[in-house]
Every structure is written in structure tokens, then in C-alpha cells.
Student: 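A single structure is presented below for examination.
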Amino acid sequence: MKHLLSLNFTLAELTRSAIACRAGLDNLPSLKDQDNLLALCHDILQPLRESWGEPIIVSSGYRCRELNEMVGGVKYSDHIYGNAADIRTLSNRRIDNRCLFDLAVRLMGEGKLKNVKQIIDEHDYSWLHISRQDGRSTKRNQVLHQS
């Protein structure tokens, strides 16, 4: 049985990493980090999924420190605390990813996504990074575009 974090998201999909598997890394989060993943799903991912009306693919969720370093993540990435996910649409077409980005920004502005730290368009809508504020940072509701 899959450990459900919300109606449409599981612990397995938020910790899945082919790179970690190939490297033999244990990418299982601590209980605190699992609580953060639960809050990420509750506050952001599930409401976004329900508004989108179609599956949202998590390409990267929780990352242990070693995995984060292997993939070139920043030293204090929200991924290592279970507070971030890189997501895309099922089609993974940039136009659809942009629509998902625009929806996330709108829902954040309407207060329907809670505790948002950042929504980032990564590499011209190749994917979206979305993170949850947990008190470690003063950043809130940032909307960024990174090339």
C-alpha cells in the first residue's frame, strides 16, 4: 500500500529518484521532513491539482543532502527539508507548463495556495519549482523566472 500524503500524492512519488537508486542512496526523509511533505501536499500541491483538473507530475520532491549535492541543488535547498517539489504537466509541453505556472500564481494571489515561498518557472517552463514557507526564511509569495 502506498503512503498517501493527500488524495493525489504519495510519499513514494515525492521521494522517487532514479539518480538516488543508481547511486545506492537512501532517499527516505526523516519524520520531520515527512511532516513537511504532508504540509506541502496539503497547502499547495493538492489544491493546485484539484484546480488543474489533471494529474501533475512530480519530477523531484524530497532530496537527501547527498542527492541534492549530486543534482547540483543549492546547499540549503527546500528540497532537503521536504518543502519543495519540481512539477510539470502530464503533457510536459511548455505551453501547458506555463498554464500550470499561471494557475499557481493566480491561486497563490487568491489565497487558495497557502504558505507559498516561491513559484519558479525553470528554463522557459521546462518545469516549475514550487516551495512552501516553513519559518526558515523570510521569503514569501515570490514569483520568479530562471533561465
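Numbers for residues simply follow the sequence, beginning at 1.
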Student: Verify the cluster assignment for L14 and I120: are they in a single hydrophobic cluster under the rule of side-chain heavy atoms below 4.5 Å apart?
Tutor: no
Student: Which heavy atom in R65 sits nearest to a heavy atom in I80, and how many Å separate them?
Tutor: NH1-CD1, 3.0 Å
Student: Closest approach of N92 and S126, non-hydrogen atoms and distance?
Tutor: OD1-O, 3.5 Å
Student: For N115, enumerate each residue passing the side chain to side chain donor-acceptor pair (under 3.5 Å) test, keeping only those at least two apart in sequence or located in another chain.
Tutor: D43
Student: Within the supplied structure, the quantity of interest is the number of heavy atoms (other residues, nucleotides, ligands) at a distance under 6.0 Å from R94 CZ; does it exceed 12?
Tutor: yes
Student: Taking atom OG of S51 and atom CZ of R106, what is their separation to the nearest 0.5 Å?
Tutor: 7.0 Å
Student: Do V143 and L113 belong together in a cluster built from hydrophobic side chains that touch within less than 4.5 Å?
Tutor: yes
Student: Is there a chain of hydrophobic side chains (I, L, V, M, F, W, Y, each step under 4.5 Å between heavy atoms) that links W127 to I56?
Tutor: no
Student: Passes side-chain contact (heavy atoms from CB on, under 4.5 Å), H79 versus D86? Steps please.
Tutor: CA-CA 9 Å; H79 287 276; D86 294 337; 3.4 Å; yes
Student: Please check if the number of heavy atoms outside E50 that lie under 6.0 Å from its CD is greater than 12.
Tutor: yes
Student: Is there a side-chain contact (heavy atoms from CB on, under 4.5 Å) between N36 and Y62 once you walk through the steps?
Tutor: CA-CA 10 Å; N36 289 341; Y62 172 79; over 6 Å; no
Student: About how many Å separate CD of E66 and CD1 of I19, when rounded to the nearest 0.5 Å?
Tutor: 14.0 Å
Student: Knowing that exactly one of K117, Q133, H129, R132 qualifies, which makes a side chain to side chain donor-acceptor pair (under 3.5 Å) with D78?
Tutor: K117
Student: Q118: what forms a side chain to side chain donor-acceptor pair (under 3.5 Å) with it, not counting sequence neighbours?
Tutor: Q142
Student: Considering only heavy atoms from C-beta outward, does the side chain of L107 approach that of P47 to under 4.5 Å?
Tutor: no
Student: Rounded to the nearest 0.5 Å, what's the gap from CG on L5 to CD on Q46? Could you check?
Tutor: 10.0 Å
Student: Under 4.5 Å between side-chain heavy atoms, counting indirect links through other Ile/Leu/Val/Met/Phe/Trp/Tyr residues: same cluster for I119 and I44 or not?
Tutor: yes
Student: Would the number of heavy atoms belonging to other residues, nucleotides or ligands and lying under 6.0 Å from CD1 of I95 be above 12?
Tutor: no
Student: Quick one: side chain to side chain contact (heavy atoms under 4.5 Å, CB included) partners of H42, sequence neighbours excluded?
Tutor: none
Student: So do L11 and L37 actually touch side chain to side chain, heavy atoms under 4.5 Å?
Tutor: yes
Student: Does any part of the side chain of M70, heavy atoms only, come nearer than 4.5 Å to the side chain of L25, both counted from C-beta?
Tutor: yes
Student: Applying a strict under-4.5 Å side-chain criterion to I, L, V, M, F, W and Y, I'd like to know whether F101 and V58 cluster together.
Tutor: yes
Student: How about T89 and W52: do any of their side-chain heavy atoms sit closer than 4.5 Å?
Tutor: yes
Student: Should the ring pair H145 and Y125 be called parallel, tilted or perpendicular, given that the plane angle runs from 0 to 90° and is split at 30 and 60?
Tutor: perpendicular
Student: Using the side-chain contact (heavy atoms from CB on, under 4.5 Å) rule, take S77 and R63 through it: C-alpha gap first, then chi angles, then the decisive distance, then the call.
Tutor: CA-CA 9 Å; S77 169; R63 298 181 198 145; 4.2 Å; yes
Student: Are R98 and D121 close enough that some pair of their side-chain heavy atoms sits under 4.5 Å apart?
Tutor: no
Student: Enter the distance from L100:CG to S91:OG here, rounded to the nearest 0.5 Å.
Tutor: 9.5 Å
Student: Looking at CG of D35 and CG of L40, how far apart are the two atoms once the value is rounded to the nearest 0.5 Å?
Tutor: 12.5 Å
Student: Taking the side chain as every heavy atom from C-beta outward, state whether L45 and I130 have any pair of such atoms under 4.5 Å apart.
Tutor: yes
Student: Under 3.5 Å, side chain of T15 to main-chain N/O of N27, donor-acceptor pair present?
Tutor: no
Student: Which is it for C41 and L38 under the side-chain contact (heavy atoms from CB on, under 4.5 Å) test, yes or no, and what are the steps along the way?
Tutor: CA-CA 5 Å; C41 289; L38 187 65; 5.7 Å; no
Student: Please report the interatomic distance NZ(K112) to CG(L103), rounded to the nearest 0.5 Å.
Tutor: 9.5 Å
